[in-house]
Amino acid sequence: MTVARPRTLAEALGALEATPDAHLLAGGTDFMVEVNFGHRRPTDIVALRRVVELQGHEHADGHVTLGAMLTYAEIEADLAEDFPALAAAGRTVGSPQIRNAGTIGGNVGTASPAGDTLPLLVALDAEVDLAGPEGTRTVALDEFITGPKRTDRRPGEIITRVRVPRVTGPQQFLKIGTRNAMVISIACLALVLDLDARRVRCGLGSVGPRPLRPRAAEDFLSGEIDWDGPRAAPGAVRRFAELVAEACTPITDQRGTAEYRRHAAGVLARRAVERSLQS
Amino acid sequence: MRPTAVGTPVDRADARSKVTGTACYTVDVVLPDLAHAVVVQSTVPTGRIVRIDAAAAERAPGVLGVLSHANTPSLAEVPTFPQGPAGQRRPPLQDDTVNFDGEHLAVVVADTLHHAAQAAALIDVAYDREEAVTTLEAGDELPPSGIFGEAPDSVRGDPEAALARAEVRLDATYTTPTEHHHPLEPGATVAAWDGGRLTLYDSTQWVSGVRDAVAMTLGMATDQVRVVSPFVGGAFGSKAMVWPHVVLAALAARHVGRPVKLVLSRAQMFTSLGYRSPTVQRLSLGARQDGTLTAIVHAVTQQTSVFEEFVAGAGYISRSLYACPNVAVRHRLVRVNAPTPTVMRAPGEAVGSFALESALDELAAQSGVDPVALRLRNFAEDEPQEGLAWSSNALRECYQVGAERFGWERRTTEPRSMREGRHLVGWGMASATYGVHSEAAAARVRICADGRILVTSGTQDLGTGTYTTMVQVAADALGVPVERVTAALGDTDLPPAPHSGGSQTAASVGPAVWSAALDACSKVLALAEQGDSYAEILTRHGIEFVEGRGDARPGASASRFAMRSFGAHFAEVQVDPELGEVRLTRFCGVFGAGRILNPKTARSQMIGGIVGGTGMALTERTVTDRRLGRVVSPNLSGYAVPTHADIPWIDVCFIDEHDPHVNALGVKGIGEVAIVGVAAAIANAVHHATGRRIRDLPITPQTLL
């Protein structure tokens, strides 16, 4: 097994070109589990943690770009004001040790249906920057993740940054698991009331093959909310919750049944709206 | 001598070495020229091995050797506990049969762990697969031949007639799933041969059991085997008996002519060190209208492996906890293509109490009697099965003190009648009991001319505090401060002691240490007048040290008295009525367990038991794929033990109990009583919160919707 430890993006791309089947290693919190369980036997690895271009985050016009190697611990500490729901999601990941290792680029690249940061990123219409042999490109996250642990990343490409639009308005992240910490979600939900655009934004995790955007539910509630409050009639909130539940395409697994997941998504949706509205 | 150390919250003697990482656990042992072994396990639940192709593995980098049934010498069977020290009678790698998924089929030894793991993945096994029984429900029920020397079935009075006449009757079936111990330190052995002598570093609850089992299975004299286990990273019963990987480590080291370390992976832990059998428990209660019990019938079905029997007596608790004239207990086994189960913290009582104490709560609701009052009404003045007097029994005080500390009188009767915000609040309680056990044990106490005292015994400290409590006992016997005393444990070269299970270590080894210390003291005093210090006397006589020997064995009181620890658990839960999430928000456990040698380490042990019971109640379950007979998600993500965030502050209280009959120290043992009844107390609290009676553990969110 070879391990390349590039320090610049150019070196990383070069290493990937030299070993095209190499696995990209970020925090390793998913990848190393698969190696340890014998599900993967990588022959080549390109480790990205030292790549300078992938570090930190920057505020730009209307959005924040997150370096792919930004850890959950950094998100908790540095982005709680910009994206409180992202910080909240980060806080629910694993243990402090895992949060020191796991990265936003890894969460996006692994594309687990249960990835905790993904519902909020999808809800905010985040975009993914990729660098590759053909140059750079930017893809909407919602399109980038194509299925369970499947993405549109092309051979030779590296996720460099995640661009997250800054949105004014309350944000929520809610998660259900079999215990209170160190747990993969049975269902999770992120909700943003985009006060400027007067739009409800919602993302769902663990209730479908990839993070879901319940657009019909969003459209419905966006039209029902009195945005000057913001306020909404209880009946509208309940209907929103029903539409969110309908948008789910869950499976039954060891953590929970499909029926429970659908039901739970509806409950989380209603609670998230209630917490965000002026009462 | 007036005790000054015993009974006080002395800091853990090994705390510094553990938190600074200098305590050397088995997984930490490094020897010159150490090689590493990785076990290869079966991937079918039953059948025959057609071929094991190890050629690629043998050619792989760093590989020193591969053992399979093709090249493993014939090994002797070792009887399983309590007849012998084995967890699994069948020795490893003896033939081509496969009896469960995850059975050891080969072991690969290499110069590094990485090379061994890499080569292990190259071993190709072809099977002729056969039809497997993969669940308890799928097999035929058989009566076990015995349960730790007791009859599996027993009847007192006429339970059927009493049930037919009962004014109140309850029939219910309760189930518990397969549960695993999952100590932090996995099963681990380091084997080193020196000619015909074998030294084993092993993570075990029983160094002399490992010595005996390995000597027996390899056909060696026991004095040719030494077993060392100074620190054990948790066990909970998984290391009470000797499992095949220990023998594999010894064989592997002999095969390659180098010391070998074998550490099981977390996934392998699901099939290598036993587990708590799932249970199906049918319980029938008969009672008078006021809740006085007139009949209990407790019928338990559990599983064992297809090749041998192990059964923990889950129904026995129903014979001895309450005064009831008519009691029948029945145990049945189903043979499943699964590993042999084993003891796990409070074997029998932990799961049996879930059924009995849930049923008592159902009876309380049905007869309109408060759950505490119902239990007081059925308090057993004497041990009900044998009719012996209790050596001591503080159960009534446990109820009373627990109820006061918890505020039980403020509990509303009706389910769903207490709320906190959007959450339903429920209060539940249950009784706890566990037998007092002890076995013969020996210890030595050395008083040195420089004033230092050394206690030695071949017992074990599983993290329970043996190092600390044995120091306290010796310090008090000699009248010296604990700082002067150190203990060395976990080595078969030390005086023999029994396995650290059945909550018996303090009760067995404590009296031996006490007597050894008194013996040493009398040897010094024989040299001089009282009043001088030990150091002065020894120095004056030019003696480097004196050594006292102590042997202790269970006294004759065991035939005259019934001896048990008791306790009462009180739990508060909050249930999210829309999502079914259960949060334990408050817990109080009160115990009458004889003399408490160290309230600090004892409290930790009780908290550990209560946390274990909380896992039983809410999260822990090993899921097996019915078709494959294989554990699903064999990891600590799939098997969820409670985290800190799941556990509230726990109120632990000990009743001041003086039992002159159990042993010289009045110690009853505490390791196991703590978990008994916890799951029932939580399930009863869930019922009080929601009105839903959950009879199948664990209580997951979706079971409440």
Side-chain angles (χ1 to χ4, degrees), chain A residues 1 3 29-30 32-43 91-98 112 114 174-189 206 238 241 245 250 252-272 274-275, chain B residues 38 40-41 43 61 113-115 117-118 120-123 177 265-268 421-422 574 576-585 611 614-615 617-625 631-648 698-705:
Chain A
M1 189 176 74
V3 181
T29 56
D30 288 311
M32 287 311 295
V33 170
E34 296 192 342
V35 171
N36 288 338
F37 288 176
H39 299 161
R40 281 183 192 270
R41 304 221 151 258
T43 51
R91 267 193 292 275
T92 71
V93 175
S95 59
Q97 294 92 328
I98 293 293
S112 161
L174 300 173
K175 172 173 169 176
I176 300 175
T178 48
R179 60 185 173 193
N180 283 346
M182 297 181 63
V183 71
I184 301 169
S185 70
I186 296 172
C188 65
L189 174 143
S206 287
R238 278 199 300 275
T252 293
D253 66 12
Q254 196 183 347
R255 297 198 299 279
T257 61
E259 295 73 25
Y260 180 79
R261 288 189 150 109
R262 190 186 294 280
H263 164 80
V267 174
L268 296 185
R270 201 195 71 232
R271 285 188 187 167
E274 285 170 355
R275 287 182 190 186
Chain B
V38 167
V40 178
Q41 296 184 325
T43 56
L113 176 60
H114 182 69
H115 280 147
Q118 219 170 20
L122 298 174
I123 292 197
S265 69
R266 186 57 63 183
Q268 290 172 340
R422 68 160 188 261
Q574 292 192 1
D576 185 321
E578 290 181 310
L579 294 172
E581 286 180 306
V582 179
R583 298 293 182 238
L584 185 66
T585 47
V611 172
T614 304
L618 299 178
T619 58
E620 292 184 38
R621 158 175 55 182
T622 299
V623 179
T624 301
D625 182 295
V631 174
V632 180
S633 298
N635 51 63
L636 291 179
S637 178
Y639 188 90
V641 299
T643 64
H644 283 285
D646 298 298
I647 301 298
I699 305 170
T700 60
Q702 54 217 17
T703 60
L704 283 172
L705 292 185

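All chains are named by letter (A, B, ...) in the order of the sequence lines, taking the proteins before the strands, and each is independently numbered beginning at 1. Only this structure's heavy atoms are used, side chains among them; waters, hydrogens and symmetry mates stay out. No experiment lies behind these values; they were computed from the predicted model shown.
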Shortest non-hydrogen separation from Pro250(A) to Ala258(A) and the atoms involved: CG-O, 3.4 Å

Closest contact, heavy atoms only, Glu620(B) versus Tyr639(B): OE1-OH, 2.7 Å

Structural part of Arg266(B) lying under 4.5 Å from a heavy atom of chain A: neither

Segment of Leu579(B) engaging chain A (4.5 angstrom heavy-atom cut-off): both

Residue part contacting chain B, namely of Arg261(A), when any heavy atom lies under 4.5 Å: neither

Pick from Thr619(B), Asn635(B), Leu636(B), Leu618(B) with the largest number of heavy-atom pairs that fall under 4.5 Å of chain A: Asn635(B)

Validation row: Pro42(A), Val35(A) side chains within 4.5 angstrom (heavy atoms): yes

Contact winner vs chain B - Arg255(A), Gln254(A), Met182(A), Glu259(A), heavy-atom pairs under 4.5 Å: Gln254(A)

Heavy-atom pairs under 4.5 Å with chain B, option from Val33(A), Leu268(A), Thr178(A), Thr257(A) with the top count: Thr257(A)

Heavy-atom pair with the smallest gap, counting every atom of Ala117(B) and Val38(B): N-CG2, 3.8 Å

Side chain to side chain, Arg179(A) and Val641(B), heavy atoms closer than 4.5 Å: yes

Ile176(A) versus chain B, the contacting section by heavy-atom distance below 4.5 Å: both

Top contributor to chain B contacts, counting heavy-atom pairs under 4.5 Å, from Arg271(A), His263(A), Arg41(A): Arg271(A)

Side-chain touch Leu704(B)/Ile699(B), heavy atoms, less than 4.5 angstrom: yes

Nearest heavy atoms of Thr703(B) and Thr700(B), plus distance in Å: OG1-O, 2.6 Å

Which atoms of Ala640(B) approach chain A - backbone, side chain, both or neither, heavy atom under 4.5 Å: both

